[in-house]
Number of protein chains: 2
Amino acid sequence: MPDASTPRSDYSDTERQIFDAALQVFAREGRHGARMQAIADAADINKAMLHYYFRDKKTLYEEVFAHTVRRFMASFGESLEEAPTFEETLRVFIDGYVEFVRSDEAAMRLMVQENLAGGSLLGKHLREATKSGEAPPQILVDTIAAASEAGEIRSVDPHHTVLSVISTCLFFFVARPTVEIMHPDAAGDWGAFVEVRKEHLFDLIYHGLAP
Amino acid sequence: MPDASTPRSDYSDTERQIFDAALQVFAREGRHGARMQAIADAADINKAMLHYYFRDKKTLYEEVFAHTVRRFMASFGESLEEAPTFEETLRVFIDGYVEFVRSDEAAMRLMVQENLAGGSLLGKHLREATKSGEAPPQILVDTIAAASEAGEIRSVDPHHTVLSVISTCLFFFVARPTVEIMHPDAAGDWGAFVEVRKEHLFDLIYHGLAP
DNA sequence: GTCTGGTTCAACCAAATGGTTAACCGTTAC
DNA sequence: GTAACGGTTAACCATTTGGTTGAACCAGAC
């Protein structure tokens with residue numbers, strides 16, 4: 001993944017190297033498990049540089065996390081395209097959202113880890129990442145509510161439905177090692193598996209919502 | 001949660017105290033982030049006792065993890081009851097599985113963390129936990145395949161369908177802090193939210209599979 | 001040339017952490 | 001009584017880890 005993370009554009013080369021390395025290591029080892037030395041090694045720089053560019057571990061983590069939340073929210077919004085039918089909207093969203101996670105699994109791991117750890121940073125950064133304009137998830141909720149109103153789909157709770165869509169799009173990445181054990185063809189060709197899975201998810205959810 | 005974990009019955013009182021405390025701390029802080037002192041404090045014992053009963057951190061973690069995998073698999077199987085219709089089977093499974101996770105969120109966190117960290121321990125312990133008889137997930141796959149064959153539900157890929165069911169049953173626990181931010185009533189009364197969610201999940205999936 | 005600013009590095013330090021030890025306590029066996 | 005034993009404790013040790021420092025490096029400005 002050559003340019004999966006796209007950190008803030010005002011980062012220098014070294015800062016970007018550090019940022020990318022930190023994201024990978026934090027995502028694998030966890031906020032506390034990650035060692036500064038491991039990040040330095042991954043970034044192929046001296047450990048002192050970490051503290052030169054980012055004050056300390058806490059600062060580095062929060063910087064990485066804050067940007068990850070922004071990226072995650074942005075991808076959610078970008079996956080939501082205006083489409084003539086709800087069917088098309090749903091198909092495009094699943095495709096876009098899953099594709100984003102596939103291109104940047106580390107970001108997803110970071111988000112999930114923060115949730116598992118209690119999510120104390122989530123409140124501030126989630127609100128901050130969605131304050132300009134309506135939050136992307138809310139737009140999807142509204143889209144579903146509208147489709148329900150228009151009779152395009154059954155009458156369902158839009159909030160719960162959005163949560164279900166997100167669940168199915170993300171969980172198989174979260175549990176990827178388990179999936180690869182249980183699901184032989186996933187281990188063989190993950191990319192192909194993801195493609196099949198997108199089809200299956202659209203099919204299941206669309207039928208689940210059809211009148 | 002007074003007796004959520006039910007470790008091996010041949011554990012002494014102190015061992016159980018340690019085991020329960022370790023599960024909680026490992027689940028919150030992660031395998032590496034967890035501090036032995038924190039586990040000792042949570043178990044209300046001296047730190048040396050951890051090493052007296054379980055050789056070292058690695059041993060303690062693997063013991064806790066192995067038992068958690070077993071418990072997780074067992075709950076999966078126990079949620080699968082013979083029922084006259086597939087509709088009833090699905091309803092009972094969702095109810096049972098969600099209820100298990102609610103009663104022992106720490107176990108779920110451990111499983112997910114191991115997946116996020118790469119799942120190197122999963123292979124061995126998953127196989128071991130499912131070697132006696134057919135694996136519970138496989139039974140559900142067969143059940144869905146049979147229902148599909150019998151025309152009770154649409155023709156779908158049983159493996160993908162099982163993964164979707166599991167995704168929706170687990171993910172809202174995984175992302176609980178985020179859910180509580182986005183979903184006001186979840187924050188207020190989690191128990192009530194879980195009940196509503198079970199209904200929604202059954203409804204969505206059952207319609208998604210209906211012919 | 002050399003001064004100056006930001007950048008890079010190896011060596012270093014203090015604190016935290018996993019793990020050990022030797023003494024201690026309470027109960028049981030003789 | 002006391003010796004032996006499982007269990008418990010505080011103090012201790014060795015290593016790891018986050019973080020610092022001071023010297024070196026390397027442009028470009030003058």
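First the proteins, then the strands, lettered A, B, ... as listed; each starts at 1. This is a predicted model, so every value here is computed, not measured.
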Worksheet entry | Atom-to-atom span, CE of A:M36 to P of C:dC12 - whole angstrom | 21 Å
Fill in: B:L50 CG - C:dT17 P separation (whole Å)
14 Å
Discussion item. Tell me if the aromatic rings of A:F93 and A:F76 count as close, with their centers under 6.0 Å from one another.
Written reply: yes
Worksheet item: Looking only at side-chain N and O atoms, does B:T14 come under 4.0 Å of OP1 or OP2 in D:dG7?
Response: no
Worksheet item: Phosphate oxygens OP1/OP2 of C:dG6: is one of them under 4.0 Å from a side-chain N or O of A:Y52?
Response: no
Discussion item. Quick check with a 6.0 Å cut-off and a 45 degree axis cone: is A:R197 positioned over the face of A:F172's six-membered ring?
Written reply: yes
Discussion item. Mind checking if A:A38 touches a base, just sugar-phosphate, or nothing, with heavy atoms under 4.0 Å?
Written reply: nothing
Practice prompt. Send over the distance from A:R35 CZ to D:dT17 P, rounded to a whole Å.
Written response: 5 Å
Discussion item. In whole Å, I'd like the distance from the CZ atom of A:F54 to the P atom of D:dG19.
Written reply: 14 Å
Discussion item. Please report the distance, rounded to the nearest Å, between CD1 in B:I39 and C1' in C:dT17.
Written reply: 12 Å
Response to the item:
B:E15 atom CD is separated from D:dT8 atom C1', nearest whole Å, by 15 Å
Item to complete: Please report, rounded to the nearest Å, how far the C1' atom of D:dA11 is from the CD atom of B:Q37.
Response: 13 Å
Discussion item. Can you list everything that forms a salt bridge (charged side-chain N to carboxylate O under 4.0 Å, His left out) with B:R91? Sequence neighbours excluded, please.
Written reply: B:E87, B:E199
Between N or O atoms, less than 3.5 Å apart, protein on one side and nucleotides 20-24 of chain C on the other: list the pairs.
none

Fill in: B:F54: partners by ring-ring contact (aromatic ring centres under 6.0 Å, His included), with sequence neighbours left out
none
Worksheet entry | Atom-to-atom span, NE2 of B:H32 to P of D:dG18 - whole angstrom | 13 Å
Worksheet item: Out of D:dG18, C:dG19, D:dT8, which nucleotide sits closest to the side chain of B:Y53?
Response: D:dT8
Item to complete: For residues A:F86 and A:Y206, establish whether the separation of their ring centroids is below 6.0 Å.
Response: no
Discussion item. Applying a 4.0 Å non-hydrogen cut-off, can you work out what A:A40 is touching in the nucleic acid: base, sugar-phosphate, or nothing?
Written reply: nothing
Practice prompt. Check whether any side-chain N or O of A:D157 sits under 3.5 Å from a backbone N or O of B:H200 as a donor-acceptor pair, and report yes or no.
Written response: no
Discussion item. Quick one about A:E114 and A:Y61 (side-chain donor to acceptor, distance below 3.5 Å, no hydrogens or angles considered), yes or no?
Written reply: yes
